[in-house]
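The structure displayed is predicted, hence computed values, not measured ones. Counting convention: from 1, in listed order, for ligands and their atoms alike.
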Amino acid sequence: MIKKLSRNDPCWCGSGKKYKHCHLNLDRRKIGLFQRLSKKAQKQPRHPTDSRIIIKTDEQIAGIRKSCQLVKKIFEMLENRIVPGITTDQINGWTHRFILDHGAFPAPLHYKNFPKSVCTSINNVICHGIPDDTVLKEGDILNVDVTTVLKGYYGDSSRMYIIGGKTTPEAMRLVKTTKECLNIGIEQAKPNNTIGDIGHVIQHYAEVRGYSIVRDYAGHGVGLRFHEDPPVNHFGEAKSGPIIVPNMVFTIEPMVNIGGYKSRTLDDGWTAVTADGSLSAQWEHTILITESGSEVLTK
Ligand code: MF3
Ligand code: CO
Ligand code: CO
């Protein structure tokens with residue numbers, strides 16, 4: 001038996017401070033999170049489609065990892081094919097075929113009536129662009145967002161492509177900075193930090209460089225369903241939101257605009273564009289929280 005720490009004992013972390021002035025509040029919030037989860041788990045047996053289970057079992061993690069590795073392979077397959085002159089429908093076709101050939105299913109297809117197997121978002125499109133006969137031209141910046149369902153497990157990642165390898169210095173800087181936003185967000189994704197810590201650093205990093213962060217779309221828990229709790233905003237306050245604990249799996253997927261943060265949805269009901277027509281970029285990974293930090297499952 002371990003003795004329960006009382007408020008005035010020295011903190012377990014070795015800081016030399018009293019427990020009440022150090023980790024007490026953080027520990028209480030963590031315990032609260034676990035209790036809420038276990039109550040829910042009592043009400044309903046664990047099932048691969050129960051979106052409320054945000055802490056994954058080792059078996060589920062193994063399945064999610066495989067799905068994420070398939071997403072990674074899709075980007076490798078696409079790498080040399082995305083050149084000026086092709087259409088976004090071709091990207092859809094290649095991705096759809098590759099996913100089926102690997103025993104999986106493209107999560108976007110028929111998801112809330114989304115009509116295609118992948119999202120392709122060009123220039124001022126923030127996200128959820130629908131593949132069509134649009135021809136890619138040199139200098140376009142394109143986001144391809146791939147989500148696979150393999151044996152019931154989801155992997156979700158997106159990346160930017162610079163069409164023809166050349167674009168304006170402005171677009172180049174946006175794409176690079178957005179990737180950095182994702183990376184510094186991932187650095188914050190570790191036990192005892194909060195979900196708010198992730199959004200906070202991302203927002204700061206983007207805004208000091210003159211960009212804005214899209215507010216209308218967030219990262220999300222993922223693995224047993226496409227979109228699970230918790231939402232992962234890419235803006236907000238440090239030390240806010242749920243505490244991060246091992247075996248959570250969620251995405252970080254900042255959308256960064258050169259102009260204002262406001263978005264607008266086109267009449268197709270999906271395509272999200274910048275309200276002011278400015279360029280937008282996005283990078284996304286699915287990450288697993290480990291004891292010491294995180295593992296990027298889609299890398
Ligand atoms: N893959 C997107 C995400 O990162 C969601 C796309 S929903 C779709 O969450 F229906 F457009 F595919
Ligand atoms: Co995605
Ligand atoms: Co996502």
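Ionic pairing of Glu253 and Arg159 is not present here: no N-O contact between side-chain nitrogen and carboxylate oxygen is shorter than 4.0 angstrom. Ion pair Asp132/Lys116 not flagged as a salt bridge, since none of the NZ, NE, NH1 or NH2 atoms sits closer than 4.0 Å to an Asp/Glu carboxylate oxygen.
No side-chain donor-acceptor contact under 3.5 Å links Thr286 and Asp156. Neither side chain, Gln188 nor Asp197, offers a donor N or O lying under 3.5 Å from an acceptor on the other.
Per residue Glu284, closest N, O or S atom to the Co ion (ligand 2): atom name OE1. When the Co ion (ligand 3) is compared with the N/O/S atoms of Glu253, atom OE2 turns out nearest.
Seen from the Co ion (ligand 2), atom OD1 on Asp145 and atom OD1 on Asp156 lie at an angle near 90° (rounded to 10 degrees).
Backbone and side-chain nitrogen or oxygen atoms of Glu284 are examined, and one is located within less than 3.5 angstrom of a nitrogen or oxygen of ligand 1.
With a heavy-atom cut-off of 4.0 Å, Asp156 touches ligand 1 through its side chain alone. At a heavy-atom distance under 4.0 Å, no atom of Lys112 approaches ligand 1.
Among the backbone and side-chain atoms of His220, an N/O/S atom is found under 2.8 Å from the Co ion (ligand 3).
Heavy-atom contacts of Trp270 reach the following atoms of ligand 1: 8 (C), 10 (F), 11 (F) (cutoff under 4.0 Å). Taking a cut-off of under 4.0 Å to the non-hydrogen atoms of Thr147, the atoms of ligand 1 that pass are 1 (N). Heavy-atom proximity to Glu253, at under 4.0 Å, picks out these atoms of ligand 1: 3 (C), 4 (O), 9 (O). Listed by number with element, the atoms of ligand 1 under 4.0 Å from a non-hydrogen atom of Pro108 are 12 (F). The Phe226 neighbourhood of ligand 1 comprises atoms 1 (N), 5 (C), 6 (C), with distances under 4.0 Å to a heavy atom of that residue. Which parts of ligand 1 touch His227 is read off a 4.0 Å heavy-atom cut-off, strictly below it: atoms 3 (C), 5 (C), 9 (O).
When hydrophobic clusters are built by joining Ile, Leu, Val, Met, Phe, Trp and Tyr residues whose side-chain heavy atoms come closer than 4.5 Å, directly or via intermediates, Leu142 is not grouped with Met172.
Taking the six-membered ring for Trp and thresholds of 30 and 60 degrees, Trp270 and Phe114 have ring planes more than 60 degrees apart, a perpendicular arrangement.
Between atom CD of residue Glu295 and atom CD1 of residue Ile61 there is a gap of 9.0 Å, rounded to the nearest 0.5 Å.
Taking the six-membered ring for Trp and the full ring otherwise, His220 and Tyr154 have centroids separated by 6.0 Å or more.
In this structure, atom 2 (C) of ligand 1 lies nearest to the protein heavy atom Asp145 OD2, 3.3 Å.
A cation-pi arrangement is present between Arg209 and Tyr205 under the rule of less than 6.0 angstrom and at most 45 degrees off the ring axis.
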